[in-house]
Amino acid sequence: MATMERIGITKLRHHLLLLVVLLLVVAAAGGVGSVQAAEEDEMSGRRRRSRRRRAADVMVPITILNSAVDKGAVCMDGTPPAYHLDPGSGGGNRSWVVNLEGGGWCNNARTCRFRTASRHGSSDHMERRIAFTGIMSSAAADNPDFHSWNRVKIRYCDSGSFAGDAFDEGLKLQFRGQRIWGAVIQHLLDVGMASAEHVLLTGCSAGGLAAILHCDQLRALLPAAATVKCLSDGGLFLDAVDVAGGRSLRSYYGDVVGLQAVAPNLPETCTDHLDATSCFFPQNIIDGIKTPIFLLNAAYDVWQIEQSLAPNAADTSGTWRVCKFNRSACNASQLQFLQGFRDQMVAAVRVFSESRSNGLFINSCFAHCQSELTATWNGGSPALQNKGIAKSVGDWYFGRAEVKAIDCPYPCDKTCHNII
């Protein structure tokens, strides 16, 4: 009897052990399944995020326009001009964003020779692929109004806002911005833009100035039925007095205009009563342009603060050295000087803003160029009248609303992306 009980207990223990093992196996199988499911979900999420990134940050290849060389349309070192084109789709097939790249200017032998070793003076040094973001993005979430359009960036290698036409024999440098403009635009017309229904000419910084200079020129080349408008971002350069009482930017612009023979290509509505250097300043041009323009600018444009208002040559004592790179370090008199610059900008657009066809977004940020970065274009964009930059530009272009927004003075705006 005792032996039978021991055998029964042994069998029971064996069965219990088998049951425990079985339960562990089932649990393990369930755990593995859960882990696999989680991994699959994570991989699927990564793929979705990757697709979104690819849609938002398309790397667009360069096109070297070799045929332009025969027209004398060349970069400063004689290499051909170039552009990047991301074709439109669906309803955007007959609509175009034409973006003029910015990147400053050169005004003498030293600075111009230096730029020939960079993308701003030679197509040999240009990136072969660039990302299209902000107003150039193909992602509907980032760029709701223009994402499906043909979007083209014309590269900048003349260092004169696409406006010069000269060859300097002594420097052996070509200043052929106007020819580059003409050759690339004609090429784009030939490949489809001639039948465009909508065109928006844009540019940032020196490209923003170029968009103003060439706005009416582009309008004249396109069908009368097409809607043609221009957006200048960070291009409202002012003929302002610097911290030493001089006019640093005016002197610089005078050198650019003279060196690159810009005068013949400036708007006659300005040159018929002002000198050529004055007519390189947008404040003296905008009132005479017939094509609708949208001015997007920071009232405290950091490029102008650093290079026009307080350049090192004017700030010999170094009192502005910290302030111009850190707005919170500016003292009361420096802030008052900056407020005066803002007042000058507001005054410069007063007549311009009276036209119903023009648009305006001047915010009280310390920035320079806000349309080509997703963060400032539509990803938590600075806002005026509860409306961000992308929405403001879109409403103006399509006539959904009149946009004439000028911010209150610094430091009232808490939506700024201050880039200083």
Side-chain angles (χ1 to χ4, degrees), residues 62 64-66 68-83 99-127 130 153-184 203-214 234-235 237 239 242 246-266 271 275-282 303-304 306-308 311-314 368-369:
I62 197 169
I64 304 295
L65 193 59
N66 291 300
V69 175
D70 291 339
K71 302 174 183 177
V74 294
C75 298
M76 285 198 294
D77 69 341
T79 53
Y83 67 90
N99 181 283
L100 299 176
E101 185 181 29
W105 310 269
C106 71
N107 68 327
N108 56 41
R110 181 184 61 81
T111 58
C112 292
R113 283 202 189 99
F114 178 79
R115 286 169 76 91
T116 60
S118 76
R119 69 183 189 276
H120 294 313
S122 171
S123 57
D124 285 347
H125 297 288
M126 292 175 183
E127 307 91 331
I130 60 173
K153 180 180 284 288
I154 302 177
R155 300 304 297 269
Y156 182 47
C157 63
D158 64 280
S159 296
S161 283
F162 295 90
D165 191 5
F167 173 66
D168 192 297
E169 181 68 36
L171 300 179
K172 302 298 181 186
L173 292 175
Q174 302 272 358
F175 300 109
R176 303 299 190 183
Q178 184 68 29
R179 296 193 190 194
I180 291 172
W181 158 262
V184 178
C204 155
S205 193
L209 170 56
I212 295 172
L213 292 172
H214 294 291
F237 299 98
D239 188 3
D242 61 37
R247 292 184 180 273
S248 294
L249 189 56
R250 182 176 183 83
S251 175
Y252 183 83
Y253 271 4
D255 292 341
V256 174
V257 168
L259 178 65
Q260 302 206 27
V262 170
N265 301 314
L266 296 171
T271 56
D275 63 274
T277 299
S278 295
C279 295
F280 204 58
F281 282 97
W303 188 93
Q304 294 189 66
E306 295 168 14
Q307 303 297 329
S308 176
N312 292 338
H368 180 62
C369 294

Side-chain contact test, heavy atoms from C-beta onward, threshold under 4.5 Å: evaluate it for [X] versus [Y] and give yes or no.
X      : Y      : answer
His368 : Ser205 : yes
Asp165 : Arg176 : yes
Asn108 : Asp255 : no
Ile154 : Phe162 : yes
Arg119 : Glu127 : yes
Phe281 : Leu249 : yes
Trp181 : Leu100 : yes
His214 : Gln178 : yes

Q: Check each of Arg113, Met76, Arg110 against Leu171 using the side-chain contact (heavy atoms from CB on, under 4.5 Å) test, and report the only one that passes.
A: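 Checked Arg113, Met76, Arg110 against Leu171; only one passes side-chain contact (heavy atoms from CB on, under 4.5 Å): Arg113.
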Q | Criterion side-chain contact (heavy atoms from CB on, under 4.5 Å) against Cys279, the qualifying member of Leu213, Val257, Leu266 | A |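 Single pass found, and it is Leu266.
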**Q.** Verdict with reasoning, Val184 to Leu65, per side-chain contact (heavy atoms from CB on, under 4.5 Å)
**A.** CA-CA 8 Å; Val184 178; Leu65 193 59; 4.0 Å; yes
Which atom names give the shortest non-hydrogen contact between [X] and [Y], and what distance separates them?
X      : Y      : result
Tyr156 : Gly160 : OH-N, 3.1 Å
Pro81  : Ile180 : CB-CG2, 3.8 Å
His120 : Gly102 : CE1-O, 3.5 Å
Phe280 : Ser161 : CZ-CB, 4.2 Å
Asp77  : Thr79  : OD1-OG1, 2.6 Å
Cys75  : Pro80  : SG-O, 3.5 Å

Q.
Applying side chain to side chain donor-acceptor pair (under 3.5 Å) to Ser122 and Arg115, what does each step give before you reach the verdict?
A. CA-CA 8 Å; Ser122 171; Arg115 286 169 76 91; over 6 Å; no
Q. Can Glu101 and Lys153 be counted as an ion pair, charged N to O under 4.0 angstrom?
A.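 Looking at Glu101 and Lys153, the cut-off is not met.
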Q: May I ask you to say whether Asp242 pairs ionically with Arg247, meaning some side-chain N is under 4.0 Å from a carboxylate O?
A: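 Salt bridge absent between Asp242 and Arg247.
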Q | Exceeds 12 heavy-atom contacts within 6.0 angstrom, atom CZ of Phe114 | A |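 No, CZ of Phe114 has 12 or fewer neighbouring heavy atoms, counting only those of other groups under 6.0 Å.
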Q: Give a yes or no answer on whether the side chain of Asn265 reaches the backbone of Ala163 with a donor-acceptor pair at less than 3.5 Å.
A: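 A pair under 3.5 Å: yes.
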Q: Please assess Cys112 against Leu259 for the test side-chain contact (heavy atoms from CB on, under 4.5 Å), listing each intermediate value before the final yes or no.
A: CA-CA 10 Å; Cys112 292; Leu259 178 65; 3.7 Å; yes
Q.
Between Leu209 and Trp105, is the side-chain contact (heavy atoms from CB on, under 4.5 Å) condition met? List the steps.
A. CA-CA 11 Å; Leu209 170 56; Trp105 310 269; 4.1 Å; yes
Q: Begin with the C-alpha distance, continue with both residues' side-chain angles, and end with the deciding distance and a verdict on side-chain contact (heavy atoms from CB on, under 4.5 Å) for Arg250 and Tyr253.
A: CA-CA 5 Å; Arg250 182 176 183 83; Tyr253 271 4; 5.8 Å; no
**Q.** Nearest-0.5 Å distance that lies between atom CD in Gln174 and atom CG in Asp158
**A.**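 Between atom CD of Gln174 and atom CG of Asp158 there are 11.5 Å.
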